[in-house]
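A, B, ... follow the sequence lines: proteins, then strands. Residue 1 opens every chain.
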Amino acid sequence: MLENKYNIGETEKKWEKFWQEEGIYKFDKNSNKPTYSIDTPPPTVSGELHIGHIYGFSQADMIARYNRMQGKNLFYPLGFDNNGLPTELLVEKKKKIQAHSIPREEFTKIALELVDGYNQNYRDMMVRAGMSCDLSLGYNTIDNRSQKTSQKSFIDLAKRGIAYRENKPSPWCTKCRTSVAQFELEDKDLDSIFNYLNFKLADGSGTIPIATTRPEFLPACVGIFVNPEDNRYKHLVGKLVKVPLFEDRVVKIYADSKVGIDKGTGIVMCCTFGDQTDVEWWKEYKLELKQAIDDGGRMTEICGKYAGLKSIDARKAVIEDLKAANYIFRQDPICHTVKVHERCEQPIEFLSKKQWFIRTSTPQLKQTWADLGNQLEWHPESMKTRYMAWVNNLNQDWSISRQRYFGVPFPVWYCKKCGKPNFASIQDLPVNPLSTEFKGKCDCGCTQFEPESDVMDTWATSSVTPQINTNWAEDEVGSNKKMPMDMRFAGRDIITTWCLRTIIKSYYHQGCLPWKSLIINGWMMADKGIKFSKHLNNSKMGLNEIMETYGADVVRYFSANGAYGRDVMFNEEGLKDGYKLLNKIFNGSKFVLNFLYDYEPKKPKEILPIDRYIMHKFNQAYEKTCAFYNDVEMGYAKAEIEKFFYFFCDNYIELAKNRLYKPEIYGQAAKESAQWASYNVLLGMLKLLGITMPHITEEIYQNYFKTYEKEKSIHLTTLHPIDIENENIIEKGDEVIEIISKIRQFKSENKLSLKTEIESITISNSNLEFIKQCEADIKAVSAVRNINYATCNFNVEIGKVVE
RNA sequence: GGGAGAUUAGCGCAGUUGGUAGAGUACCUGCCUUACAAGCAGAGGGUCACAGGUUCGAGUCCUGUAUCUCCCACCA
C-alpha cells in the first residue's frame, strides 16, 4: 500500500540507493541490445553546485532514459575534468603546497586524492537529481587512462605533422605564469591614463605625437605606424624616430591601414608585444623581437634602469622620467577595456614562447570542419549556425602548450644537439619526461636530451573524451567500431570550443565524427537577463534547499520546461507546477491501485466502450509523446503526457469510479473491464512520466506493478502502446466527455454542487449507438436520473434539477 | 563593431507552411464529488517590444530601433 501522503525526500533517497545498489543503470558489456552511447561532458569540479548545473544534465538524462526504455543498452558515463589550472590552484590552496616543490607524479597523486572528495560531492548531487549515469564508467582527465589517451593523441598528431612546435607570441598571464587560450580571456574595464608623448625624428626635423597607455613598453618599441591615407603624416613614412628615454635606439615609420586616423593622435607605436595588432605588425613587417616583460610580469634587462620592476611600477617610473625630460605634453585619464585572464582577472601580456600547435585553420581544414558540422545531427538545428560562423572565422591554429607544472605532460624530449623532438613509445604511456629518461638515440646520433617541461592545455585532453570512453589508447580496432558515439550534450557557450575541438580530434584520429548527434541546451537564468554565476552567488534558493523542499522530480520537471535549447528563468512558481503534478500522480495512482491490489491483470472477454476509449486515447498520447522525444523535445513530451494524466484523472477515473466501487450494482465484469484499462493506462503513463520524474514513478511501480511486470525497476521496462484491437472510437468517446462537460458547466454556472441530481437530459446526435452503450457511466458520473435521445445534430439539453 | 537568439495574458512560457491569439499559473465565481482543497468545475484577462514595409490578410515574411542573452572582433 502507498503511504497516505507522499514523502518526497525519504522516497527519493530510498530509490536512489536502490538504483545504485542494484546496478539498474549499469552498462551491460555482454548485452545483445543495441548500444546507445553518450559522451557525457566531464564537468570541472570547483565551487558550489547550483540549480543551473542540474538543468542541462537533467535534460540530457531524459534523452538517456527515453532511449533506455526503447530497449537500448546505455553507455552513459560521468567523468570529471581535473587536469587543468583550477585543480592545480585548488590543490595548492587546500594542501598548502607549491606545485613546483614536489615531483609532478606526487602532485598528481595528491590532486587525485583531493579531487576525489569533490567528485564524490558532485556524483552524490547527480545521483540525488536522478541522473541515470553508470558511475562505474567514470574517469578523471588526470588519471592514467586519460593521460595515455591524450599523450597518444599528441604523438599521433606530431608524427603526422599535424601538431608542430613554433615560436609564437601568444596571450600570457604573468600571475599564473602560463600562456592562455583566446577563449580563456574576458573583458574588464580598467582606469588608465592616456599619455601623449613627443617622439623626436632622428634627422632632427621635429617631433611627432604618439599616445599610449603603456609607456613602460618603450624599450620594446620596434616600429611606428601611421595610416597611409592620413594626409597629416603621409610624408613621415620611411623616416626614423628616436625612442624616448632610449634615444640610442631608432625605429622606422611604417604605413598600415589598421591604424585608426581618429584614434589617439593617429600615430601608433608597435611594441613586442602590447596587443594583438602588435603581433600582426611584427609578423607582417618582420620587425625585431624585443621582450620587455618576463614570465612573471617584471621588466627585462633590455629595459635598463627599469629592469626587475613590476610592469605597473615601471610604468610609474617611466612616466616620471618622461615628465622630467619633457616628453609628455598631455595626460588624459580614461577607462578602457582590457583583456584579462578569466581565472585570475590579471590583464594579459603577449609573450613569445616555443609552443605546440595543432593545425586547424587552413582553408581545406576549415572546409572539413564545415563538412563534419553538416554531417552532425544538431538539436536544435539552429545551433549549427554558430558553429559554422566560428569555423568560417577560424584564423589561428590551436595552441596546446601550457607552461604549468600540473597537467598531462608532453611525452617528448628534444635532442640537445639538433633540437629534434623524440617521442615516447606508445606502450610506455603515460610518461612524464621530467622524471623519465628518453631511451634511445636521436637521428643525429646524439644521446643527450632535454625533456619538455610544459603540459598540455586541458582542452587537449577534454577533446578526446570519445577516445577515452571507447578505449582508443588500448584498442583502436574496438574503438573504431564504437565510433561515432551516439550523443553529446553541451551548453551553447561551448559549441565553438569544446565541441569543435572534439570534432577535430576524432576526425584526425579516427576519420569520423565523435558523435552522431549533438544536443545543445540553453541556460537557466537567475532572473531576467542574469545568468547564474559562481562569482555573483545569486542563487535565490540553494540547491539543497530546493531538493529538500521540492525534490529531484520537481527540479527535473522544471528543467524540462520550454522549447529545447532555449534559456529558462528560474522561478519558484515553476517548481510549484511540478509539485502539483507530483501530488496528482501520487493521489491518482493511490486511488487506482486501491482497486488493483487484489487484481491479477488478465485481458477480459469483453471490454466496455469507455475503457476501450481510454486505452485508445492513451495510445494516441503515447504516440505524440514519443514523437516529441524522438525530436529531442523533452518539454513538449512532458507536457503531452502530463495533459493526458490530468485528463485520465478528471474524466476517466470519474467515469469508471462507480463501476470500480460497486460491482454489486454494475456487475463484476464491468469492474474487471475498468481494472484492465486502469492497469494498462496507469502503467503506460507512469513509464512515460518516469522519464521526467523517475522517483515517484518507481515508488508506484514497486508498490504494485513489479509483481506482474517482472523488471526489477520501472526504468528497465520498455515503452510500447497498449495492445488493443484497432477501432475508430476516439471521436465517439470525446463526445461522451463533452456531454459530461456540458452537465458540469450547467452545474457550475448555476452554482450547484457537482453531486446535484438532475431529473433528465436529452442527448441529440446523428449516431447514438456508442453514447447509449455508455449510458450507465454517464448517469453515474453526472448524477442524471434519465437520459432521453433524439436523432439530430449533436446537442445536450439539461432538464430540471431534483429538489 | 560583426554574428546568432529572444521580446506574446499579472507571472513564467507555447504558437508548425501567413488565415478569428493558446495551455499552465495567479486572480475572480462556485463546488468538501466515498484519491487528491496541494483538489474539482467555470469565468474574465493580450495594440503579440517599438516604428515602417510586403500582402486581400502579419505574432508569423522584410527593413530599421530599443532591451536582454551568447559568441566573435576591436580597444595605440
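Counting non-hydrogen atoms under 4.0 angstrom, A/T213 reaches the backbone sugars and phosphates but no base. Base contact: A/I653 has a heavy atom under 4.0 Å from a base atom. Nucleic acid contact class of A/G588 (heavy atoms, under 4.0 Å, all strands): base. Looking at heavy-atom distances under 4.0 Å, A/V259 makes contact with a base. Using a 4.0 Å heavy-atom criterion, one finds that A/F194 contacts the sugar-phosphate atoms exclusively. Among the heavy atoms of the strands, none lies under 4.0 Å from A/K384. Note on A/D650: only backbone sugar-phosphate atoms sit closer than 4.0 angstrom, heavy atoms only; bases stay farther off. Here A/C649 lies in heavy-atom contact (under 4.0 Å) with a base.
Look at CG on A/N521: it is 14 Å from P on B/rC70, rounded to the nearest Å. The interatomic distance linking A/F647 (CZ) with B/rA23 (P) rounds to 16 Å, in whole Å. As rounded to whole Å, 11 Å separates atom C1' of B/rC71 from atom CE of A/M383. Counting to the nearest Å, the P atom of B/rA43 and the NZ atom of A/K742 are 12 Å from each other. Rounding to whole angstrom units, CD1 of residue A/I798 and C1' of B/rA41 are separated by 13 Å. The CG atom of A/N7 sits 15 Å away from the C1' atom of B/rA38 (whole-angstrom rounding). Between A/N594 atom CG and B/rU34 atom P the separation is 15 Å, expressed in whole Å. For A/I193 and B/rC75, the CD1 to C1' distance is 17 Å, given to the nearest whole Å.
The shortest distance between the side-chain N/O atoms of A/Y6 and the OP1/OP2 oxygens of B/rA38 is not below 4.0 Å. Contact between the side-chain N/O atoms of A/S741 and the OP1/OP2 oxygens of B/rG42 is found at a separation under 4.0 Å.
Figure legend: cation-pi geometry between A/K638 and A/Y557, with NZ or CZ positioned under 6.0 Å from the six-membered ring centre and within 45° of its axis.
Considering only heavy atoms from C-beta on, A/V781 stays 4.5 Å or farther from A/N651 through its side chain. Proximity of A/K584 to A/C649: side-chain heavy atoms (C-beta onward) are separated by under 4.5 Å at one or more points. The shortest side-chain heavy-atom distance between A/L518 and A/Y387 does not fall under the 4.5 Å cut-off. Side-chain contact check for A/F595 versus A/R659: every heavy-atom pair is 4.5 Å or farther apart. Here the side chains of A/T625 and A/F628 are not in contact, with every heavy-atom distance at 4.5 Å or above. A/T272 has its side chain out of reach of A/P169: every pair of non-hydrogen atoms, C-beta onward, lies at least 4.5 Å apart. The shortest distance between side-chain heavy atoms of A/N587 and A/K590 falls below 4.5 Å. Between A/N703 and A/Y597, some side-chain heavy-atom pair lies under the 4.5 Å cut-off.
Taking the six-membered ring for Trp, A/Y704 and A/Y599 have ring centres at least 6.0 Å apart. Note: A/Y550 and A/F558 fail the aromatic proximity criterion, with ring centroids not under 6.0 Å apart.
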Check nucleotides 24-32 of chain B for protein N or O atoms closer than 3.5 Å to its own N or O atoms and list the pairs.
| from | atom 1 | to | atom 2 | distance (Å) |
| --- | --- | --- | --- | --- |
| B/rU25 | OP1 | A/K580 | NZ | 2.0 |

Would you list the protein and nucleotides 3-7 of chain B atom pairs, both N or O, that sit under 3.5 Å from each other?
none

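Comparing B/rC72, B/rG39, B/rA35 by their closest approach to the side chain of A/W390 singles out B/rC72. Distance from the side chain of A/Q745 is smallest for B/rA43 among the nucleotides B/rA43, B/rA38, B/rU34.
Side chain A/K5 to base B/rA35: no donor-acceptor pair is found below 3.5 Å.
Under the stacking criterion of a centre-to-centre distance below 5.5 angstrom and an interplanar angle below 30°, A/Y661 sits stacked against the six-membered ring of B/rU34. With centres under 5.5 Å and a plane angle under 30°, the ring of A/Y579 is stacked against the base of B/rA38.
Under 4.0 Å is where a charged nitrogen must lie from a carboxylate oxygen, and between A/K580 and A/E642 no such pair does.
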(message) If a pair means Watson-Crick or G-U wobble with both distances below 3.5 Å, what does RNA chain B look like in dot-bracket form, with | marking bases paired to a different strand?
(response) (((((((..((.(.....[..).))..((((.......))))......(((((..]....))))))))))))....

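For A/E749 and A/K643, each mapped to the nucleotide of RNA chain B holding its nearest heavy atom, the one lying further toward the 5' end belongs to A/K643.
Here A/I8 contributes atom CD1 and A/N583 contributes atom CG; the two are 9.0 Å apart, rounded to the nearest 0.5 Å.
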